[in-house]
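Reviewing the structure listed below.
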2 protein chains.
Amino acid sequence: MAPDRRKMIVAAATKSFSLFGYKATTMDQVAKLANVGKGTIYTFFKNKEELFEEIISSLVKEMIVEADSAIQLELSFTENVHRALYRLLEFRSQHQLMIKLVQEEAEMGTLAVSEMLQHVENEIIDYLKQKIETAIAKGAIPEANTEITSFLLLKMYIALVSDWERNHAPLSSEQIAEIMKVFLLKGLQK
Amino acid sequence: MAPDRRKMIVAAATKSFSLFGYKATTMDQVAKLANVGKGTIYTFFKNKEELFEEIISSLVKEMIVEADSAIQLELSFTENVHRALYRLLEFRSQHQLMIKLVQEEAEMGTLAVSEMLQHVENEIIDYLKQKIETAIAKGAIPEANTEITSFLLLKMYIALVSDWERNHAPLSSEQIAEIMKVFLLKGLQK
DNA sequence: CTATTGACTAAATTAGTTTTTTGGTCAAAT
DNA sequence: ATTTGACCAAAAAACTAATTTAGTCAATAG
């Protein structure tokens with residue numbers, strides 16, 4: 001049974017990116033961790049960035065599985081939006097690789113990392129967009145610009161979960177759900 | 001009529017900060033621009049940062065005057081929130097000093113500048129908070145956590161006006177007003 | 001006397017140079 | 001047909017020297 005070199009490489013790179021970040025991970029290190037010659041990496045991946053892309057791509061798939069598993073058909077659309085988003089942001093704050101990448105972007109501003117995080121954000125927005133389109137088709141919510149709506153939903157969520165904590169004590173899931181309800185359901189108008 | 005040295009210094013520093021940013025402005029330069037010996041600056045201000053603070057403090061006052069002038073009593077609360085916020089973000093994108101500081105934060109990450117922009121943001125949130133409290137007292141909108149609500153309102157606005165433009169064509173004032181209405185007034189629920 | 005100044009200094013920043021590291025290649029080995 | 005690691009150019013880091021700058025304070029001016 002020959003070891004699957006490709007998988008070893010991806011596993012090693014994932015581990016190293018999670019531990020040290022993108023920039024501080026060297027291809028020599030990945031090769032050593034994967035018990036593989038450095039050249040072998042380049043038979044599977046064009047370069048470091050493509051290896052990174054593959055890993056992020058898997059990560060996004062994982063996230064979507066997570067979000068989907070949070071959705072329950074018997075609940076309302078609004079409730080499910082909250083549940084899916086909350087699961088996604090929990091994922092972001094609990095997965096070692098995501099934590100490291102967010103940190104690397106903040107501290108060093110590594111370009112490849114910024115691009116990749118932007119990409120992840122866009123994927124999440126696309127995911128939300130699809131859910132919103134389905135809800136509109138089913139007549140569950142009124143028509144709207146789905147691109148802007150999904151964009152704004154995510155931004156609101158990030159504001160509540162991450163930005164808020166810069167100056168205040170973190171909000172509980174229940175508090176966030178309550179706030180979302182005010183904005184999504186009733187609006188501020190009496 | 002002795003020239004008011006303090007005013008000359010503040011004027012010179014404002015000009016230089018607007019033109020070159022915080023870091024690239026030297027105290028020698030400010031002194032020369034203000035036709036004043038460098039030591040004189042330090043009889044009025046403890047250090048460079050305190051001089052900066054005074055200028056930002058004036059800026060915030062200007063912004064509040066701007067926002068207030070956008071408010072019209074005969075319009076609805078929601079409409080006025082939109083008008084005031086729009087005026088504030090217009091201010092940010094049109095005032096030379098603000099433009100320069102936002103740019104300096106993005107490009108160089110100057111700490112003193114980041115702190116000052118955070119301070120400006122907090123002042124805006126405080127301003128919104130007062131308006132919301134008044135509206136609640138008048139019974140115009142339902143009760144809510146005013147701290148979170150004002151925070152979220154600003155974040156939504158910045159998302160629509162600034163973040164959106166990273167990947168899309170800018171939204172017009174009318175479009176933004178429409179989106180705000182959906183979220184503040186009606187919610188997404190049918 | 002008080003208010004103002006600019007030469008002065010310690011500390012920080014920048015510029016220039018050398019050394020080390022790193023992504024990627026490819027001839028040799030398996 | 002795969003895999004490898006010595007090798008290379010280019011990028012990054014480390015180091016140093018030279019310059020700049022915030023802030024001080026003894027001398028000066030009014």
Practice prompt. Check the distance between C/dG23's P and A/K32's NZ and give it to me in whole angstrom.
Written response: 13 Å
Worksheet item: Same hydrophobic cluster for A/I64 and A/I55, using side-chain heavy-atom links shorter than 4.5 Å among ILVMFWY?
Response: yes
Item to complete: Look at the side chain of B/K48 against the base of D/dG23 and say whether a donor-acceptor pair falls under 3.5 Å; ignore hydrogens and angles.
Response: no
Discussion item. By nearest atom, which of the nucleotides D/dT4, C/dT22, D/dA22 is closest to the A/T26 side chain?
Written reply: C/dT22
Item to complete: Apply the test salt bridge (Lys or Arg N to Asp or Glu O under 4.0 Å) to residues A/E54 and A/R6: give CA-CA distance (whole Å), side-chain angles for both, the deciding distance (0.1 Å), then the verdict.
Response: CA-CA 11 Å; A/E54 165 137 346; A/R6 195 176 199 283; 2.7 Å; yes
Worksheet item: Across the strands shown, which category fits A/K46 at heavy-atom distances under 4.0 angstrom: base, sugar-phosphate, nothing?
Response: nothing
Worksheet entry | Separation of atom CD in A/E49 from atom P in C/dG23, rounded to whole Å | 12 Å
Fill in: d(CG, A/N47; P, D/dA10) in whole Å
17 Å
Worksheet entry | Between D/dT21 (C1') and B/Q29 (CD): distance, integer Å | 12 Å
Worksheet entry | B/K38, nearest nucleotide to its side chain (from D/dT24, D/dA6, C/dT5) | D/dT24
Fill in: Below 4.0 Å: OP1/OP2 of D/dA1 and any side-chain N or O of A/R5
no
Worksheet entry | Candidates D/dG5, D/dA22, C/dT13 - which lies nearest the side chain of B/M27 | D/dA22
Worksheet item: Whole-Å distance between C/dG23 P and A/F52 CZ?
Response: 13 Å
Fill in: Integer-rounded Å distance: C/dT4 P and B/Y42 OH
16 Å
Worksheet item: Going through the distances and angles, do A/R92 and A/S162 end up as a side-chain hydrogen bond (donor to acceptor under 3.5 Å, both in side chains)?
Response: CA-CA 10 Å; A/R92 189 174 86 164; A/S162 307; 2.8 Å; yes
Worksheet entry | Connected via hydrophobic side-chain network under 4.5 Å: B/L51 and B/M8 | no
Worksheet, complete the sentence: Comparing nearest nucleotides in DNA chain D, the 5'-proximal residue of the pair A/D28, A/G37 is A/G37
Worksheet, complete the sentence: Rounded to whole Å, CG of A/L51 lies from P of C/dG23 at a distance of 11 Å
Response to the item:
Assign each of A/Y22 and B/F44 the nucleotide of DNA chain C bearing its closest heavy atom; nearer the 5' end lies the nucleotide of B/F44
Worksheet item: What is the distance from CE of B/M8 to P of C/dA3, rounded to the nearest Å?
Response: 19 Å
Worksheet item: Between A/T43 and D/dT2, does any side-chain N or O lie under 4.0 Å from OP1 or OP2?
Response: no
Discussion item. Which label fits B/F151 and A/H168: parallel for a plane angle under 30°, tilted from 30 to 60°, or perpendicular past 60°?
Written reply: perpendicular
